Every structure is written in structure tokens, then in C-alpha cells.
Amino acid sequence: ISNVADYGAALCREANATDGFGDNNTFISNHARIGGAALGWMGAVGIYINNYKFIDNTADVYGGAIYVNPESHNCTINNSVFTGSYITNETGGFGGAIYSEVVSIEDSIFTNNEADSYGGAVFIGEVGEIFKSVFNNNSAEIAGAIFFEDFLNISDSEFRDNVGKLFSSNNVISDRGVIILNNITS
């Protein structure tokens, strides 16, 4: 609770960390001066978290709760809740709850997260998979729920009341990517 650091204020997995697993943890009111107030994955490979709760975490630029840097791979988030995470930088920020280049998210809930620029709940820089997840009342300038750049597959998920401030309302936006949608409710 209430930790402060540049990256991963509560927990940071450094370069060459592999096959990490975490279950049933809660992170409240942490702050990162750059990214990932609760968790920072810096060159980590094969990280899996299950049943985590992220409440009111903030970062200045990237991922209010989780920052996964570009050198990290095979990161999976399962059965987790993200509430009230946001980016504090008023001139720009990415992923109110999560910033990641490559990520898989399943059975998770995102509520009341906010980014000043892209992706109120999630920013995905390269490839993402999202299954059986709920996005409710998240906001950003562009893409109230999710902003992605290259490829995103979303299945069996729900989007409600997400707001992109530059557009009247939006859930998922990309500037150049491909999206596959299957059984989506909004």
C-alpha cells in the first residue's frame, strides 16, 4: 500500500526474470513516476498473475497499475480486477490500468480507469488477446476502454459506458491495427 518508485512501485520483475506466478494479491494506492504503480515487468518472460486486485493505483505516463516493457513476453493476466487506476500526467498518458506491448487478459474486470491520451483501461502496443472480460466506465481522450496498435483479438467480453473524449463514445480504437471480435456485448 502507498509505495512510490519510477517503475513497479509495489513489485518490479527485472530483466531475465522468467516463469513468475502470483496468486491472490491486492495493490492499493501505489504511484509510479513513470509506469506501473503496482507491477513493473522489465524484460520479464512467462509471467502469470491470477486473482489480483488493483485499486486506485496511479502512474505519471504508462499503465496506472501495470507496466509491461517492450522486452517482456508471454505475460498473462487472469481473473483480476482493476478499479480507479489512472494516469496523472495531464499532457499525455497511455493505459489507465495497463500498458503493454504484448499481453493476454482473461476473466478480468476494468472499472473507472482513466488515461489522458490513449486507452482508458488498456494500451496495447503490439499484440493482445482479451477473453471473457468486462470494461465499464473507463475513459481517455482516445479509446475509452482499449487502444491497440497492431493486432487485437477480443472474445466473449462486455463494454459499457466507456468514453473517448475526442469522440462521443468509443470502446476500442486503433490507428493502424487489425481486430477480431467474437461475441461482444456493448
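All figures in this text were calculated on a predicted structure; none of them were measured in a lab.
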Taking side chain as C-beta onward, heavy atoms only, is [X] less than 4.5 Å from [Y]?
{"X": "Asp23", "Y": "Asn25", "answer": "no"}
{"X": "Phe159", "Y": "Asn136", "answer": "no"}
{"X": "Arg160", "Y": "Thr185", "answer": "yes"}
{"X": "Ile66", "Y": "Phe82", "answer": "yes"}
{"X": "Val178", "Y": "Asp150", "answer": "no"}
{"X": "Leu152", "Y": "Ile146", "answer": "yes"}

Would [X] and [Y] count as having a side-chain donor-acceptor pair, cut-off 3.5 Å?
{"X": "Asn78", "Y": "Asn50", "value": "yes"}
{"X": "Asn30", "Y": "Asn3", "value": "yes"}
{"X": "Asp60", "Y": "Thr88", "value": "yes"}

Exercise for the section: List in chain and number order the residues that pass side chain to side chain contact (heavy atoms under 4.5 Å, CB included) with Glu149, two or more places apart in sequence or in another chain; answer none if no residue qualifies. Expected result: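 Side chain to side chain contact (heavy atoms under 4.5 Å, CB included) check on Glu149 returns Phe123, Phe147, Asp175, Arg176.
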Any side-chain to backbone donor/acceptor pair from [X] onto [Y]? Under 3.5 Å, distance only.
{"X": "Ser72", "Y": "Pro70", "result": "no"}
{"X": "Asn137", "Y": "Asn112", "result": "no"}
{"X": "Ser117", "Y": "Gly93", "result": "yes"}

Problem - Ile154-Val122 co-clustered via ILVMFWY side chain contacts under 4.5 Å - result: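 Same cluster.
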Problem - Cluster overlap Ile87 with Tyr99, hydrophobic side-chain contacts below 4.5 Å - result: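 Different clusters: Ile87 never reaches Tyr99 through Ile, Leu, Val, Met, Phe, Trp or Tyr contacts under 4.5 Å.
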Under the ring pair (Phe, Tyr, Trp, His ring centres under 6.0 Å) test, which residues partner [X], sequence neighbours left out?
{"X": "Tyr86", "value": "none"}
{"X": "Tyr7", "value": "Tyr67"}
{"X": "Phe27", "value": "Tyr52, Phe54"}

Exercise for the section: Answer yes or no: is there an ion pair linking Glu158 with Lys132, defined by an N-O contact shorter than 4.0 Å? Expected result: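 Salt bridge: no.
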Exercise for the section: Using the side chain to side chain contact (heavy atoms under 4.5 Å, CB included) rule, pick out the option among Asn138, Asn113, Thr111 that qualifies with Ser85. Expected result: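 In the set Asn138, Asn113, Thr111, the residue that makes a side chain to side chain contact (heavy atoms under 4.5 Å, CB included) with Ser85 is Asn113.
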Problem - All salt bridge (charged side-chain N to carboxylate O under 4.0 Å, His left out) counterparts of Asp6, not counting sequence neighbours - result: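 Salt bridge (charged side-chain N to carboxylate O under 4.0 Å, His left out) list for Asp6, sorted by chain: Arg33.
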Exercise for the section: Could you list all the ring pair (Phe, Tyr, Trp, His ring centres under 6.0 Å) pairs where at least one residue sits in residues 30-49, not counting sequence neighbours? Expected result: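 Counting only pairs at least two positions apart or across chains, the ring pair (Phe, Tyr, Trp, His ring centres under 6.0 Å) contacts touching residues 30-49 are Phe21-Tyr48.
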Problem - More than 12 heavy atoms of other groups within 6.0 Å of Lys53 NZ - result: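 Counting other residues, nucleotides and ligands, NZ of Lys53 exceeds 12 neighbours.
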Handout entry: Distance-minimising heavy-atom pair for Ala59 and Gly35
Key =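 For Ala59 versus Gly35, the nearest heavy atoms are CB-CA, 4.0 Å.
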